[in-house]
Structures are given as C-alpha cells and as structure tokens.
Amino acid sequence: MTLLLVVLALILLLDLVVFVVLLPSLLIRLLLVPLCPQVVFCGRGGQKRLALTIDDGPSGPGSEALLTLLRQLQVPATFFLIGSHLERDHRFPRRALQQGHDLGNHLWCDERSAALAPSAFQQQLSDTERAIARAAAPAQLRWRWFRPGGGWFHRAMPGWLAARSYRLVLGSIFPWDTLRPPLWFVRLFVRLNAHPGGILVLHDTPALSGRTLESLRHIIPELRRRGYRFVPLAELLDPAR
C-alpha cells in the first residue's frame, strides 16, 4: 500500500510539473490575475486578439531583422528596452516608432528589478526614460508600459509605477524562450497556451533574437489561421474595444 501511494504521488507530481511547464497560461489567468489586479497579465477575452511583446533589446542586427519581419507580417509589437543596451543600436527606438511599434521601460540593467532598493529602482527608471527619449527624438514618447527584469515584482512596485503613469505589464504566454528550448517546443507551447486577450513574451538579445525571428515566422501564420489577430498592447488593454 505504501509503495502504491508513493507511485500515485509521483504520478500526480509529474502531472503537475507537465501542467505548469506546458499550460501555465491557465494558472496565470485563474490564479495570478485575480490575486494581483494591479499587474497586467492579459487583456479581456472577448475577441481573438493577441499582443506581441519583445524584451531586452536592442540586440544590434537582430533587432533590425525583427523589425523587417514584423513589417512584412504587418504585426505591431511593444519592445521593452533596457537602457544600457541602446549602445548596441541607439537608432532602434526611432525606427521602431516610425514603423508603428510601441516602447516600454525595462530599466537600465538586465537584472531582477524586485531586488533593487527604491532609490536605485527610480534612478534606473529615469535613466532609461531619458536614454530612450534621446534615441527616439524627435518623436515624443508617452510612457505607459513597464516590465520588471526577470518578471519579478513586489507589493510596492505597482504603486511606484502608477505614480509615474506606468502600468506593470507581464504576460500570459511565455514559452520559456530564455531557457532555449527546441523551436518545436516554442511553437507547441504557443499553440497550447494562446487565448483571447493573451500577451506573448519573447526576447531580443544577441543570443536569442535569431530564435525569436524563426519562432515568429511560424507562430504568427499559425495563429492567424486559427482566427487570431495581433493588435497593439494599448488596444488589447482598452476596455472600450
């Protein structure tokens, strides 16, 4: 009997791991959305709309390739940029805005934002604002979106951001791309977790931009065949639409 209980416990544990790895979108929508109403995980689910977000850029040539592909596919994206990464391509913000994309603040350094002291957090937020604004000139930016490094936040962070007119945006479709799984897994994951109002999270770094490019070449047509369309983040989150 004891052995049977152990076996059953292991099976349940394995099922839970598989569920968390393959279908986290359900957990996010059922648990995190009601528990953290001040954080944006997804939009309303009335229509088959999705928003594409891309973190950690600019990466250099990889960012330009992503802009080219998104222009060909006519897909808008929100790029959450890291201030110190602008040295790789300081012209990227202007080009992204010219093509109809939006920009978000991902702080100055690629690190866990939740571990920063309040003063350091505010300093990185301001430094990144100024750097992106200079790079985007003469375009005028309206700062709305913030994504914490590593996806970690704490209770005080949404309040800090709201005081500066930001919304803390995470996502509901994150295909573990920073762990570099096989590209077939990324496509399968997105296929399983796509849902009306979903926010897809991918990455633009020197190591990951090529994988993101290849993933999007397949993901976007597949989702469109299923009736989904990609819209700007602001449109996805607009309750009037």
Side-chain angles (χ1 to χ4, degrees), residues 28-29 32-44 49-58 63 76-86 90 92-94 96-97 99-174 197-205 230-241:
I28 290 170
R29 287 179 281 157
L32 294 183
V33 169
L35 285 174
C36 306
Q38 73 278 31
V39 177
V40 175
F41 292 95
C42 56
R44 299 177 65 184
R49 302 182 302 175
L50 299 167
L52 171 63
T53 64
I54 300 178
D55 290 1
D56 294 351
S63 299
T78 300
F79 289 89
F80 286 89
L81 302 180
I82 292 177
S84 62
H85 291 179
L86 288 172
H90 67 276
F92 176 81
R94 182 191 296 183
L97 290 171
Q99 292 186 25
H101 303 297
D102 205 353
L103 304 178
N105 195 320
H106 206 27
L107 292 191
W108 189 260
C109 299
D110 190 5
E111 59 186 352
R112 288 191 178 185
S113 308
L116 294 172
S119 59
F121 180 92
Q122 296 288 354
Q123 187 66 53
Q124 287 202 30
L125 192 70
S126 296
D127 289 347
T128 303
E129 278 186 9
R130 287 193 291 268
I132 296 175
R134 285 195 301 268
Q140 297 295 312
L141 293 177
R142 177 187 174 192
W143 291 106
R144 294 181 289 188
W145 318 122
F146 170 83
R147 179 167 286 159
W152 295 93
F153 65 94
H154 49 64
R155 186 176 300 177
M157 192 181 292
W160 298 348
L161 294 164
R164 296 180 60 166
S165 301
Y166 281 97
R167 298 180 72 180
L168 197 161
V169 179
L170 291 179
S172 57
I173 310 170
F174 168 46
I199 297 176
L200 173 61
V201 182
L202 292 169
H203 290 78
D204 174 24
T205 69
F230 285 86
V231 299
L233 187 58
E235 182 177 334
L236 186 81
L237 301 180
D238 185 348
R241 300 189 182 187

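- The closest donor-acceptor contact from the side chain of Thr78 to the backbone of Leu103 lies at 3.5 Å or more, if one exists at all.
- Between Arg147 and Val169, the shortest heavy-atom distance links the atoms NE-O, 3.0 Å.
- Atom-to-atom distance recorded for Ile82:CD1 and Ile132:CD1 is 10.0 Å, nearest 0.5 angstrom.
- Nearest heavy-atom pair, Met157 versus Pro148, reported as atom, atom and distance to 0.1 Å: SD-CB, 4.0 Å.
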Phe121/Ser113 under side chain to side chain contact (heavy atoms under 4.5 Å, CB included): CA gap, chis, key distance, verdict: CA-CA 7 Å; Phe121 180 92; Ser113 308; 4.2 Å; yes
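- The line from CD1 of Ile173 to CZ of Phe41 is 14.0 Å long, rounded to the nearest 0.5 Å.
- Listed here is the closest heavy atom pair of Arg94 and Ala137: NH2-O, 2.7 Å.
- With Asp204 contributing its side chain and Ile54 its backbone, the two residues share no donor-acceptor pair below 3.5 Å.
- Looking at Ser165 and Arg142, their side chains never bring a donor and an acceptor atom within 3.5 Å of each other.
- Put simply, CG on Leu236 and CZ on Arg44 are 11.0 Å apart, with the number rounded to the nearest 0.5 Å.
- The two residues Ser172 and Gly198 make their nearest non-hydrogen contact at OG-CA, 3.4 Å.
- Taking the side chain as every heavy atom from C-beta outward, Leu86 and Pro93 approach each other to under 4.5 Å.
- When side chains are defined from C-beta on, Thr205 does not count as touching His85, because their heavy atoms never get closer than 4.5 Å.
- Leu52 contributes atom CG, which lies 6.0 Å from atom CZ of Phe230 (distance to the nearest 0.5 angstrom).
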Can you list the steps and then say if Gln122 with Arg164 is a side chain to side chain contact (heavy atoms under 4.5 Å, CB included)? CA-CA 10 Å; Gln122 296 288 354; Arg164 296 180 60 166; 2.8 Å; yes
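- With a 4.5 Å cut-off on side-chain heavy atoms, Leu237 and Val40 count as touching.
- Distance check: Leu170 CG to Trp152 CH2 gives 11.0 Å after rounding to the nearest 0.5 Å.
- Contact check for Leu141 versus Leu97: side-chain heavy atoms found under the 4.5 Å cut-off.
- Phe153 and Cys36 make their closest contact through CZ-SG, 4.0 Å (heavy atoms, listed as atom of the first residue, atom of the second, distance).
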Carefully, step by step, assess Thr128 and Asn105 under the rule side chain to side chain contact (heavy atoms under 4.5 Å, CB included). CA-CA 7 Å; Thr128 303; Asn105 195 320; 3.4 Å; yes
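- Of the possible polar contacts, none joining the Gln38 side chain to the Gly159 backbone as a donor-acceptor pair under 3.5 Å is found.
- In this structure a side-chain-to-backbone donor-acceptor pair under 3.5 Å is missing from Arg167 to Arg144.
- The CD1 atom of Ile28 sits 10.0 Å away from the CZ atom of Phe174 when rounded to the nearest 0.5 Å.
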The test is side chain to side chain contact (heavy atoms under 4.5 Å, CB included); show your working for Trp143 and Leu125 and say whether it passes. CA-CA 11 Å; Trp143 291 106; Leu125 192 70; over 6 Å; no
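- Residues Gln124 and Glu111 approach most closely at NE2-OE2, 2.8 Å, considering heavy atoms.
- The neighbour count for His90 NE2, taken as heavy atoms of other residues, nucleotides or ligands under 6.0 Å away, does not exceed 12.
- Within the 3.5 Å criterion, the main-chain N or O of Asp56 finds no donor-acceptor partner in the side chain of His203.
- Between His101 and Phe79, the ring planes are perpendicular. Angles over 60° get that label, and only those under 30° would be called parallel.
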